[in-house]
Amino acid sequence: MELLLVSHRGIACGMKSAVQMVLGPAADQITAMELTEEEGIDAFGKRLEAYLVEWLTEGRKGLIFADLRGGTPYNQSELLLTKHGLKAQAKVISGMNLPMIVDALFKDIDVCDMDAVREIMLAAQSGVACLDAEAGVDGGDDE
């Protein structure tokens with residue numbers, strides 16, 4: 001499964017680097033694009049648009065993971081997929097974390113199968129934990 005990670009500075013490249021450390025060559029299936037202050041929104045949007053059109057109009061499909069729902073990388077991804085009629089080739093999932101990316105790399109899913117997309121989202125949710133909260137430990141000093 002080909003993945004595109006979009007984020008504000010540092011997150012997408014850092015996530016790809018972490019995948020490389022954990023999984024080695026599997027990270028080659030990941031492209032990372034980050035919005036920076038120096039580049040700005042317009043230049044980022046143009047770069048993202050060129051990539052999406054080339055990537056997804058060649059008959060390929062994939063998932064786009066964004067750092068923050070409602071953030072510029074997420075919004076631009078959704079806008080450009082709609083603008084170019086590419087929603088059947090890719091879906092944008094926000095709140096990216098390492099478990100969801102690892103899970104997605106090992107699945108060859110149909111991006112139009114919402115049950116399969118939900119499974120990727122569940123991998124993200126199951127990666128969020130606090131041992132003390134799960135054990136019911138109260139860390140407060142109520143004495």
Side-chain angles (χ1 to χ4, degrees), residues 1-140:
M1 170 70 50
E2 291 182 68
L3 307 179
L4 172 61
L5 310 182
V6 296
S7 72
H8 297 85
R9 179 193 303 273
I11 298 170
C13 290
M15 194 68 67
K16 181 176 179 175
S17 179
V19 171
Q20 177 71 42
M21 179 182 168
V22 174
L23 299 176
D28 294 343
Q29 300 172 70
I30 297 173
T31 299
M33 295 184 114
E34 297 178 342
L35 170 65
T36 65
E37 298 92 349
E38 297 82 19
E39 179 182 43
I41 294 171
D42 291 337
F44 172 80
K46 288 176 184 171
R47 187 165 52 97
L48 179 61
E49 183 170 25
Y51 179 81
L52 289 175
V53 169
E54 181 181 338
W55 176 39
L56 298 172
T57 56
E58 296 177 353
R60 298 190 322 229
K61 294 184 177 187
L63 292 171
I64 302 168
F65 291 100
D67 59 341
L68 181 65
R69 182 179 181 175
T72 297
Y74 173 90
N75 291 343
Q76 286 288 305
S77 297
E78 284 288 353
L79 175 83
L80 293 168
L81 289 178
T82 301
K83 174 182 175 182
H84 291 283
L86 297 170
K87 294 288 279 187
Q89 284 80 16
K91 296 293 182 267
V92 183
I93 301 174
S94 64
M96 76 168 131
N97 65 24
L98 192 56
M100 76 189 322
I101 293 168
V102 169
D103 192 50
L105 280 173
F106 292 108
K107 292 185 176 180
D108 187 23
I109 69 166
D110 175 356
V111 298
C112 291
D113 178 352
M114 288 302 101
D115 288 333
V117 172
R118 283 185 198 93
E119 284 182 34
I120 300 294
M121 293 166 60
L122 287 173
Q125 293 170 349
S126 67
V128 176
C130 174
L131 185 61
D132 289 344
E134 290 172 355
V137 174
D138 183 5

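In this chain, residues are counted from 1 in sequence order.
When all heavy atoms of Pro73 and Leu48 are compared, the closest pair comes out as O-CD2, 4.4 Å. Shortest non-hydrogen contact noted between Ser94 and Arg69 is OG-CB, 3.3 Å. For Val111 against Val117, the heavy-atom pair with the smallest separation is O-CG2, 3.7 Å. Residues Cys112 and Lys91 come closest through the heavy atom pair SG-NZ, 4.1 Å.
Under a 3.5 Å cut-off, the side chain of Glu134 and the backbone N or O of Ala129 do not form any donor-acceptor pair. When atom types are taken as modelled, the side chain of Asp108 and the backbone of Met1 share no donor-acceptor pair closer than 3.5 angstrom. With Lys16 contributing its side chain and Ile30 its backbone, the two residues share a donor-acceptor pair below 3.5 Å. Asn97 contributes a side-chain N or O that, together with a main-chain N or O of Met100, makes up a donor-acceptor pair within less than 3.5 Å. Side chain of Arg47 to main chain of Ala43: no donor-acceptor pair is present (N/O by atom type, distance under 3.5 Å, no hydrogens or angles).
Surrounding NZ of Lys46 are at most 12 heavy atoms belonging to other residues, nucleotides or ligands under 6.0 Å away. Leu79 CG: more than 12 foreign heavy atoms inside a 6.0 Å radius.
Shown are Ile64, Val6, Leu5; of these, the side chain to side chain contact (heavy atoms under 4.5 Å, CB included) with Met96 is made only by Leu5.
Using a 4.0 Å cut-off between charged nitrogen and carboxylate oxygen, Lys61 and Glu2 do not count as a salt-bridge pair.
The shortest side-chain heavy-atom distance between Ile11 and Leu68 does not fall under the 4.5 Å cut-off.
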